[in-house]
Structures are given as structure tokens and as C-alpha cells.
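To start, the structure under review is shown below, and the notes come after it.
Note that ligands are numbered from 1 as they come in the structure, with each ligand's atoms numbered from 1 the same way.
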Amino acid sequence: MFQSQPEWIILHGSDVTAVIECSKNEAPLWRYWGMRLPDGLTPGSILRESRPEPSFSPHFDQPLTIFPGGGVGWFGAPALLAHRAGADWSFQATRCEVEQNVGSALIKLHDDVAKIELVASLSIKGNVLTLSTSLTNRGDGVLDVAWLASGVLPLPADARTVRSYSGRHNSEFVAVTDSLTRSMWRRENRRGLTSHDCFPGAIVEADGATFGAQLGWSGNHAQQIEWIDDGRYQWQMGEAFAPGEVRLASNESISTAEMLATCGADANEVAQNFHAAVRARIDWPGGKMRPRPVHLNTWEGFYFDHDEAALVDLADAAAVVGIERFVLDDGWFAGRDDDRSSLGDWWADSRKYPNGLLPLASHVVGLGMEFGLWVEPEMVNPDSALYHSHPDWALSVDGRPLLASRNQLVLDMQRPDVQEYLFEKIAALLRDLPISYLKWDHNRDIIAAGNRPAYRAQVHGGYALMARLRAAFPDVEIEACAGGGGRIDAGVVQHSHRFWTSDNIDAVSRAAIQRGFLQFMPPEIMGAHIGASPAHASGRSQSMAFRGGVALPGHFGVELDVRKLNDADRAELEWWISTYKQHRDRLHHGQVWMGEGNDGLLWQAHGTPHDVLLLIYRLDPQTQRHAPSLKLPMLDATARYRLTDAPFGHDETDGAWLIQHGLALPPMKAETVQIIRLTKI
Ligand code: DGJ
């Protein structure tokens with residue numbers, strides 16, 4: 001139950017602390033969010049009692065609260081923008097109740113004037129603070145909500161830069177660093193799904209601390225960082241609503257997506273904190289992650305050209321090199337010969353598979369591999385049996401053209417008949433075939449989102465279908481894909497087990513994309529394949545060794561026609577597959593550190609400070625005469641290490657030496673990788 005207010009809300013994680021000051025009849029004030037403060041802390045002063053009134057300022061001082069309102073003396077961006085037919089537009093808590101437990105607080109704000117009730121939820125697990133908001137319309141008329149932040153965080157006055165991520169199909173996680181100034185910084189996505197263009201998260205560098213936040217949401221979103229009058233910044237993040245999208249009837253409520261926030265000494269600590277939080281959100285079959293099986297995905301090797309006999313041969317060849325899961329990608333269903341038709345007709349193409357998919361699936365399973373299948377449930381092609389019988393199932397706006405993208409339209413996931421159809425069709429496949437894996441694609445942005453905008457309903461409809469299928473088939477894993485990395489976020493991760501990181505498998509491009517991914521998501525859910533050379537997306541050719549070394553740390557797979565490899569390449573592929581199997585526990589259970597050495601070297605380390613697998617990448621040619629040594633700050637300065645596969649025959653060295661002086665490296669050619677294991681002796 002909600003109690004009367006305590007004076008302070010202090011939430012500690014292992015290495016982070018949030019301090020909130022409560023006073024009567026108003027929203028609590030944000031005093032501190034950052035690196036851990038001691039237990040038993042007594043904050044220095046009470047802001048409400050001590051802050052002097054600046055000249056020409058309202059007599060009622062309005063510092064940053066956990067949920068700033070509007071029209072009440074707070075001149076920064078409000079966390080809520082709402083009105084009832086133009087009235088009740090100003091929001092200010094008139095009463096506050098707090099329920100505080102260890103590590104969490106529910107803060108209930110009543111605005112008895114605007115008749116709005118709002119619950120801000122804050123809870124810390126490990127080092128991640130999860131924030132969300134629910135709002136109930138307690139007034140008589142409809143409450144029109146334009147903005148409702150999932151969370152509001154303070155950032156310190158010494159916050160300097162923010163790194164966010166831009167991109168496009170084939171080029172996800174393009175890092176963009178902006179300076180924080182007195183101008184508002186804002187990123188917004190209105191593509192209807194998470195998007196390739198605007199990952200819903202960012203990293204802020206301040207003096208002595210790095211902050212990170214991401215939104216667990218697969219739809220439209222916005223975030224903004226705004227300088228405020230006391231020199232700090234406020235960081236708001238939430239779903240972005242279209243006009244008229246959220247209209248709450250009397251006593252109707254809305255709950256937002258969750259914002260995950262953390263802080264650490266550097267970006268690696270932020271990544272590690274996010275990895276722990278995301279790992280805790282994944283619902284693995286059986287409650288525990290199994291070692292991530294090596295994939296063979298048919299897409300780039302076959303595209304739509306499915307020939308059953310060739311795929312049976314491919315399965316044979318895949319099993320020989322050590323593949324553990326065979327994923328039949330797009331092209332298997334009725335009439336699907338290219339990307340112009342058939343989405344929605346989720347039964348096997350009888351020309352390509354005269355006896356259905358069972359013979360191929362059984363063959364795969366008989367070889368000891370799992371069988372996975374590609375679907376794109378939310379979509380329909382106008383040229384499909386589904387569309388011919390239910391043209392009204394596609395989202396549209398009356399009077400506007402139906403804008404296709406990749407020749408497809410989007411099904412209205414709010415409709416119970418659409419949900420039922422998709423569930424029945426996919427459930428039939430899962431019932432009739434030995435399928436243990438679905439690759440769930442979403443290959444277009446959403447434009448016409450219905451006569452009343454249904455962007456968020458669309459996201460919830462997709463989640464509901466995934467949840468229903470998972471409840472009915474709990475052993476089936478799901479891969480979230482949207483033309484590669486268009487739906488990578490901490491929301492869909494609650495229904496899925498792997499992301500397809502990008503359709504660009506070029507290893508140079510991937511090295512950068514994966515670093516962006518790993519800032520927010522753990523490596524075991526990062527789909528990473530050895531593709532063909534030249535790479536289909538870029539046309540660049542790369543050695544198998546480089547492609548293997550870049551794919552190795554993720555959820556490893558192969559996306560080429562294994563039958564066509566020459567003996568040397570096949571042997572090398574086998575070596576990478578067995579190397580992955582040997583290291584996957586180390587790669588996928590521990591911490592990840594990433595850094596840049598001198599002269600363009602990139603490095604990445606996985607494991608623990610006492611047992612790490614180090615991957616050193618050189619993308620561009622060396623510019624120095626002698627290679628620089630590489631400092632390894634994640635090691636234990638008091639330990640001595642055994643080095644496996646290190647250059648110059650080094651087999652033992654002190655941690656302190658490797659931290660301060662660094663590991664001596666020979667020259668490396670462009671597009672090569674070195675992999676070294678360091679274990680404490
Ligand atoms: C986009 C995905 O990212 C690809 O891997 C592949 O599944 C295609 N869609 C199939 O249409």
C-alpha cells in the first residue's frame with residue numbers, strides 16, 4: 001500500500017545510486033542519479049528549504065522533479081503533454097504517496113485539479129534503474145495525451161557529449177556524437193517499429209561517469225536531453241504518439257514501455273550493466289539459456305530459389321561441418337518466388353515442396369540439427385490469397401494511397417480475426433512440423449497506421465502474438481528480425497532469443513555494427529554469420545579468417561551455400577565452427593570489454609578478468625612503422641597470465657605489464673584478426 005511520504009527515497013544498486021527528495025503535496029525532486037553513494041547516506045541539504053530565489057523568478061521555485069509538469073512554473077520540457085478538449089492542459093501533482101521497498105519505489109502523483117493520476121515506478125536491479133509510468137484519466141472528458149515520458153532522469157552539469165545511433169537498412173548502429181549545450185538535444189523515430197535509423201537509446205559522457213539509457217519498446221519513440229536552470233540536464237525517454245493516438249476515456253489508463261538506465265565508470269561498464277539487465281529479461285525455454293547452436297541460414301545461399309533436393313543436400317553438407325540449427329528462410333511458402341507476392345499465405349509451396357515441409361524438416365532433425373523457419377506474420381502482399389479474401393485486414397487511412405514498401409502492406413494487428421488467423425496458421429506449422437525456431441521478420445516501416453493511428457496498438461499486437469505462440473509452444477525460440485536490425489530493442493527481447501543484427505554481413509561493416517549492438521545488448525543474442533565473399537551487401541571480398549573472427553563472438557552462424565565451398569574453405573569453416581563451440585561459454589556468459597588501441601586497432605574481450613578471450617581487429621592498413629602495443633585495462637593487475645596463441649611466443653606475462661605497457665603485437669595486415677586467450681596462472 002502507499003504510505004505517507006518519506007523524506008528521502010534512496011535506491012542503491014551495486015554501483016549506482018538514485019536519491020529523490022520528497023516534500024508534501026508535490027512530485028518528489030530528483031537530487032542525484034549516478035555512481036554509488038555509501039549506505040546510510042544523509043544527503044547534504046533539503047533543496048526545498050535551501051535554494052535561494054533568483055531575481056525575476058517565480059516565488060514558488062520549481063526544481064526538476066521525477067515527473068515535471070507544465071504550466072506551473074517549471075520552464076523545462078514537461079514529462080506529460082495532455083488536455084481535455086483544450087482544458088486541463090497543465091499538470092502539477094497536488095498530492096503524492098510513496099510506496100518504498102528495497103531497491104524500488106512506486107510514486108503515486110494525484111493532480112486533483114486536472115484530475116489525473118500518475119504512478120511513476122522506479123526500481124534498481126544490479127546496476128540498472130528501470131522506470132515506467134502509468135496514467136489514469138480521473139476526469140469526465142476524454143484526455144488527449146501527446147507525450148508521456150517513461151522516465152525522467154537528471155544528468156550532471158558536467159555531462160559533455162551524447163552518443164546516439166543512426167543508420168539505415170544494411171547500416172545499423174552508426175554512432176553519432178553530439179555535444180550537450182544549452183540547446184535541446186532530441187532524437188525521434190516515427191517509422192512504426194524500432195527502426196534501423198534511430199536506436200532507442202544513447203550514451204552520455206560526463207566527468208568521471210558514463211550514463212546510458214534505452215527504451216524497451218519496438219515502436220515509435222523519442223528521447224530528449226535538455227539543459228535546465230541549475231546547470232544539470234534532464235533526460236526524458238518514451239514512446240512517441242501520433243496525434244489522437246492516445247485518447248483516454250474517463251477512468252481509462254495507459255502504461256508506458258520501460259526505460260532502462262545505468263551509469264558506470266566508462267562505456268564498458270554501462271554495456272556490462274545493460275547486458276545483465278537484458279539477460280534477465282529473456283524468457284528462455286526451460287528457464288535457462290542453452291549453448292547457442294551454430295546456425296545455417298539459407299537466405300544468401302538460396303534466396304527465393306528453393307529446391308527441395310538441393311536443400312536436402314545442403315542439410316547434409318551443413319551437418320558435416322558442424323551446423324546445429326538449420327533455418328529455412330524466405331521462399332518456402334505458397335507462390336513465393338520473389339518479394340512481390342504471397343506474404344500471408346503461410347503454407348508450404350506445393351510446387352517446391354510437393355509433400356510439404358515435413359520431409360525436409362525431418363531430414364534436418366534426423367541429421368541431429370534443429371529445424372527453424374522464417375515467417376513475417378505482420379505483413380501481407382496485395383498479391384496473396386490472404387489479401388484477396390481480406391483486403392480490409394491491411395492497415396490504411398481512408399482517402400490516402402496504400403503505400404507499399406518491399407511490395408507489402410501491414411496487417412492490422414489490433415483485429416482479433418487477424419490475430420486468430422496468424423496464430424492458427426503459425427500454430428499449424430509448429431504443430432505439424434518439428435520446428436524449434438522461428439525467424440520473425442518485419443520488412444517495412446509502418447506508414448498508414450489506420451484511420452485512428454494505431455502504431456502502439458500494432459506493437460502490442462505483435463508482442464501479443466509472439467506471447468501467445470510462446471505460451472502454446474514454450475520450447476520454440478524466436479529470432480527478432482526487421483530487414484536485419486530494424487527491431488533490436490529491450491522490449492521485443494522479452495519475447496525473443498536472438499536478433500538478426502544486419503543484412504550486411506560484410507565483416508568490416510559488421511565490426512562497427514556489432515560494437516554499437518554490444519553497447520546495449522549481450523553477445524549471445526547477436527546473430528553473426530560467416531557470409532559469402534564477396535559480401536552480397538557491399539561487394540567487398542574478405543578472407544574466411546577475417547569473416548570468422550568477426551562473427552565468432554556473437555550467436556554464430558553460416559549464411560552461404562556450404563556445398564559450393566572448395567576443400568580448403570570448407571576445412572577452414574569447420575575450424576571456425578569448432579573454435580566457436582570451444583569458446584561459446586566464455587563468449588556468452590561473462591563480461592564484454594571493447595576498446596581502441598593505437599593506430600586504428602580495435603579490440604574486444606569476453607569472459608572474466610581472470611579468463612578472457614581477446615579479439616584484436618585491424619580494419620585498415622597500419623600507418624606506423626612498428627605496431628603499437630595494446631593495453632589491456634580489464635585484466636587483474638595483481639595476477640600473472642598464461643597467454644595462448646599470443647604473438648612473439650609470449651606465453652606468460654604479468655597483468656600489471658599488460659595493463660600499463662600493453663601486449664606487444666606484430667604488424668597486422670588490413671582485415672585480419674588475432675585471437676588470444678589470457679588465463680590467470
Ligand atoms: C530480411 C532479413 O533480414 C533477411 O535475413 C531475410 O530473412 C529476408 N528478409 C527475407 O525476405
Below 4.0 Å from any atom of ligand 1, which residues have a heavy atom? Give them in chain and number order, please.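 These residues qualify: Trp299, Asp329, Asp330, Trp374, Arg406, Lys439, Asp441, Asn443, Cys481, Gly483, Gly484, Trp500, Asp503.
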Qualifying residues under ring-ring contact (aromatic ring centres under 6.0 Å, His included), relative to Trp284, sequence neighbours excluded: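 Testing Trp284 for ring-ring contact (aromatic ring centres under 6.0 Å, His included), a comparison that skips the adjacent residues, returns His497.
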What residue pairs, at least two apart or across chains, pass ring-ring contact (aromatic ring centres under 6.0 Å, His included) with a residue in residues 404-436?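 Sorted result for residues 404-436: Trp393-Tyr421.
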Which side-chain N or O atoms in residues 363-376 pair as donor and acceptor under 3.5 Å with protein atoms at least two apart or in another chain?
| unit_1 | atom_1 | unit_2 | atom_2 | d |
| --- | --- | --- | --- | --- |
| His363 | NE2 | Asp316 | OD1 | 2.7 |
| Glu370 | OE1 | Arg325 | NE | 3.1 |
| Glu370 | OE1 | Arg325 | NH2 | 3.1 |
| Glu370 | OE1 | Ser436 | OG | 3.1 |
| Glu370 | OE2 | Arg290 | NH1 | 3.0 |
| Glu370 | OE2 | Arg290 | NH2 | 3.3 |
| Trp374 | NE1 | Asp441 | OD2 | 2.8 |
| Glu376 | OE1 | Asn443 | ND2 | 3.2 |
| Glu376 | OE2 | Gln408 | NE2 | 2.7 |
| Glu376 | OE2 | Asn443 | N | 2.5 |
| Glu376 | OE2 | Asn443 | ND2 | 3.4 |

Examine the side chains of His442 and Arg487 and answer whether a donor and an acceptor come within less than 3.5 Å of each other.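 Short answer, no.
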Flag the pair Ile505 / Glu300 as yes when at least one side-chain heavy-atom distance between them is below 4.5 Å, and no otherwise.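 Ile505 reaches Glu300 side chain to side chain.
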Has Arg510 got its NZ or CZ under 6.0 Å from the middle of the six-membered ring of Trp500, at an angle within 45 degrees of the ring axis?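 Yes; both conditions hold, so Arg510 lies above the ring face of Trp500.
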